[in-house]
**Q** 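I have a structure I would like to understand better, so I am pasting it below and will then ask my questions one at a time.
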2 protein chains.
Amino acid sequence: MDQDKLIAPKRHRRVTAQDVAEAAGVSRSAVSRAFTEGAYLDEEKRERVRDAALKLGYRPNALAAGLQGGRSHLVAIFVGDMRNAYDTEVVTRLVGALNAIQKWPILIDGGGLSSVKEAMGEVLRYPLDALILRSGSMDPAIARECTKLHIPVISSGRVLNHPQIDNVCCRNAQGSQAAAQLLLDRGRQNFGYIAGPLGYSSSSARQDGMMRALAAAGLAPVAIEAGDFTVESGFAAAERLFERARLDALLCANDAMAIGALGAARARGIDVPADLSIVGFDDISMARWPGINLTTVCNPIDIYADKVVELLSARLADPEKPSDVAYIDTHLVLRGTH
Amino acid sequence: MDQDKLIAPKRHRRVTAQDVAEAAGVSRSAVSRAFTEGAYLDEEKRERVRDAALKLGYRPNALAAGLQGGRSHLVAIFVGDMRNAYDTEVVTRLVGALNAIQKWPILIDGGGLSSVKEAMGEVLRYPLDALILRSGSMDPAIARECTKLHIPVISSGRVLNHPQIDNVCCRNAQGSQAAAQLLLDRGRQNFGYIAGPLGYSSSSARQDGMMRALAAAGLAPVAIEAGDFTVESGFAAAERLFERARLDALLCANDAMAIGALGAARARGIDVPADLSIVGFDDISMARWPGINLTTVCNPIDIYADKVVELLSARLADPEKPSDVAYIDTHLVLRGTH
DNA sequence: TTGTAAGCGTTATCAG
DNA sequence: CTGATAACGCTTACAA
């Protein structure tokens, strides 16, 4: 016991390869090899090392391994605002997809943070395998800074034109054009639109798509209001719209605002879908909840996440490859509000 | 240019302290000191180093710094299932709170993962500052394994009795007892309950709280069904309940299932709250959405996350301190369904 | 105040 | 197949 204290100066030193080597009666390198796939090592010896490691509770220190030159297996995900339902669902899928390929996602939530840039700066001190940007309103300067550090960047939701940045992006205009067409075919004529905040490319692209469909029918939207992508803001924007004009069709830049608008319509006694069609965008999980049952444009999240991981793997395999843009096709999901 | 190629063998080597030192005409240690708060270094020199660093795009490698003995500033968050709305909100707050104190959360989502244990094993190779467990059904063996590695563990949602594990936990029974009492006071007598899956301590504690209130009034629940915490399962469970019995009060183990039950009641033409009171638990953000407006027991998420971070900081400050349990008080949120 | 040198725990290289 | 040895990039005594 006394001896114990003498031998272990630091109280809770992590078990190292050295310790295991001594316990198993082999060299440090043998221990390393025992844990390296396809390294030359006598099977019996490998067995012995593994046993000793298990007994001592050893596991190779990922920090040291990462330092030594290989990959850190750390991937940062920068999220614009995790309080946004769609972003949250994307992050959830992304986390799952990354976990599955043994990449460990570090999350940074711009929504809850006062100084995003500072946080990014701190996280960039880790030699990340990659950075995933999930934000419609990310300062492109930050992305460019990452490429300077030679960290692969995957931008999701907004296409950044940079030779080192891969992008995955949904065909926004196509989706909302189809949604508008659906309502036109149903005989709707008085369209309203609830946009997202200024500066979000997805919102403006979606608005453009609607405009295009309307223009082809010789129409234009009757009224447009903007929210901030939250349910509450959708509720408020819808109320303003209902004050201003008598609509029979309402398209929204995302599902959350559409759900808010649906609440506002019901509160006002408007019959949806008999008197007013409401269509969202994204197909978040709440859209299919009983009591909401929102008709919407599906922005397929799982495909999205898989695509991000695919681009990531391709980039890691060949860091010099030209940058890529993966477009995701949308499709209409007809439920009860159109 | 040719020289460039000769000097830089690896194509995109990260800028190191050495590079900065050479550029600024100082020693490596001076560079290190320039970035260390409160280290002795001539102000003019520090300026010079910082300038050179900025120009070269240098930032201290966090891996190397962490290896060197200090903290890694990495914290793993293990989530039982990120597709669960409450867990997701907790994670969001946790991420924000950790980002704010410069700890970088690595997420592992048990819900999306086939082999949770394996993933945990991989992540434990990083010398984590701490591990946060957010899961009602986590295998306690995993937690114990972490304490063996001397990694502080904070368990959230279930109290683990271990000298090295800190806990934060909401007073579940208290909350649902109050909810039941509210409905008793309103004259309700025929109570139903939608429980969570077996093995979730929160669900059973909440059920106990309700039982206690009913027992005090000489009552017992009329019917109980179980779901899996999802909206869909709440919908289905409520339908089964409505088949079995005529209820005037329905308590649910969480908000998501209550929202499902609300949908089922409406689909059946039951007037909520005139003929049936429905009360949830947690107060997730959707509970206050227009069109849902759910009366519920608030399980204050922000306090929760702050508490976790508080325990974490205390533990890091004194790794030998006795383990702690922080109980979170609930309160009723009266909205439109009671 | 500064530079030198010794780790931190790995993995990769290179003789044997 | 295996054991030394040299990186990896940083911090921090220690000496100047």
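Everything numeric in this text was worked out from a predicted model, so none of it was measured. Lettering of chains follows the sequences in order, A, B, ..., and the numbering in each one begins at 1.
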**Q** To the nearest Å, how far apart are B:Arg13 CZ and D:dA7 P?
**A**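 Roughly 14 Å, once rounded to whole Å.
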
**Q** Check A:Glu47 with A:Arg50, please: is the shortest side-chain N to carboxylate O separation under 4.0 Å?
**A**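 Not counted as a salt bridge, because no side-chain N and carboxylate O are separated by less than 4.0 Å.
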
**Q** Return no unless some side-chain N or O of B:Thr16 is found under 4.0 Å from OP1 or OP2 of D:dG9.
**A**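 It does not, given that no N or O in the side chain of B:Thr16 lies less than 4.0 Å from OP1 or OP2 of D:dG9.
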
**Q** May I have the distance from B:Leu67 (atom CG) to D:dC10 (atom P), rounded to whole angstrom?
**A**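 Those two atoms, CG and P, are 12 Å apart.
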
**Q** Is the backbone of A:Met82 close enough, under 3.5 Å, to the side chain of A:Thr88 for a donor and an acceptor to pair up by distance?
**A**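 Checking the backbone N and O of A:Met82 against the side chain of A:Thr88, a donor-acceptor pair under 3.5 Å is found.
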
**Q** A:Glu37 CD to C:dA12 P: how many Å, rounded?
**A**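 In whole Å, C:dA12 P lies 13 Å from A:Glu37 CD.
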
**Q** Provide, to the nearest angstrom, the distance between the OH atom belonging to B:Tyr126 and the C1' atom belonging to C:dT10.
**A**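 That distance rounds to 13 Å.
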
**Q** For A:Leu63 and D:dT11, give me the distance from atom CG to atom P, rounded to whole Å.
**A**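 For the pair A:Leu63 CG and D:dT11 P, the rounded distance is 13 Å.
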
**Q** Once you round it to whole Å, what is the distance between P of D:dG9 and CZ of B:Arg33?
**A**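 Interatomic distance, CZ of B:Arg33 to P of D:dG9: 20 Å.
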
**Q** Under the 3.5 angstrom rule, does the side chain of A:Tyr126 hit a backbone N or O of A:Ser72 as a donor-acceptor pair?
**A**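 No, the answer is negative, given that no donor and acceptor are paired below the 3.5 Å cut-off.
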
**Q** Measure from the side-chain heavy atoms of A:Asp42 and tell me the nearest of C:dG3, D:dA4, D:dC1.
**A**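 Nucleotide nearest to A:Asp42's side chain: D:dC1.
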
**Q** Check the distance between C:dT1's P and B:Lys45's NZ and give it to me in whole angstrom.
**A**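 Distance, rounded to whole Å: 11 Å.
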
**Q** Figure out the CD/P separation between B:Glu43 and C:dT2, and round it to whole Å.
**A**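 Result: 10 Å.
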
**Q** Hey, does B:Arg46 reach any base, or is it just sugar-phosphate, or nothing, if we go heavy atoms under 4.0 Å?
**A**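 No contact.
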
**Q** Working to the nearest 0.5 Å, report the span between CG of B:Leu316 and NZ of B:Lys321.
**A**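 Taking CG in B:Leu316 and NZ in B:Lys321, the distance rounds to 10.0 Å.
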
**Q** Starting at the 5' end of DNA chain D and moving along, which residue's nearest nucleotide shows up first, A:Arg28 or A:Tyr40?
**A**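 It is A:Tyr40 whose nearest nucleotide is closer to the 5' end.
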
**Q** Could you say whether B:Leu41 or B:Arg125 is positioned toward the 5' end of DNA chain C, judged by the nucleotide with the nearest heavy atom to each?
**A**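 The answer here is B:Leu41.
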
**Q** State which of C:dG7, D:dG3, C:dG9 makes the closest approach to the side chain of B:Gln68.
**A**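 When the side chain of B:Gln68 is considered, C:dG7 is the closest of C:dG7, D:dG3, C:dG9.
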
**Q** Looking at the side chain of A:Ser29, which of D:dT5, C:dC8, C:dT11 is the nearest nucleotide?
**A**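 From the listed options, D:dT5 comes nearest.
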
**Q** Out of C:dT4, D:dG3, D:dG9, which nucleotide sits closest to the side chain of B:Ala64?
**A**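 Nearest to the side chain of B:Ala64 among the choices is D:dG9.
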
**Q** Do any side-chain nitrogens or oxygens of A:Ser32 fall under 4.0 Å of OP1 or OP2 in C:dT10?
**A**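 Checking A:Ser32 against C:dT10: no side-chain N or O falls below 4.0 Å of OP1 or OP2.
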
**Q** When you measure from the side chain of A:Tyr58, which nucleotide among C:dT10, D:dC10, C:dG9 comes out closest?
**A**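 My answer, after comparing the listed nucleotides, is C:dT10.
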
**Q** Taking the six-membered ring of B:Phe35 as reference, does the cationic atom of B:Arg46 (NZ for Lys, CZ for Arg) lie under 6.0 Å from its centre and within 45° of its axis?
**A**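 Relative to the ring axis of B:Phe35, which defines the angle, B:Arg46 lies outside at least one limit.
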
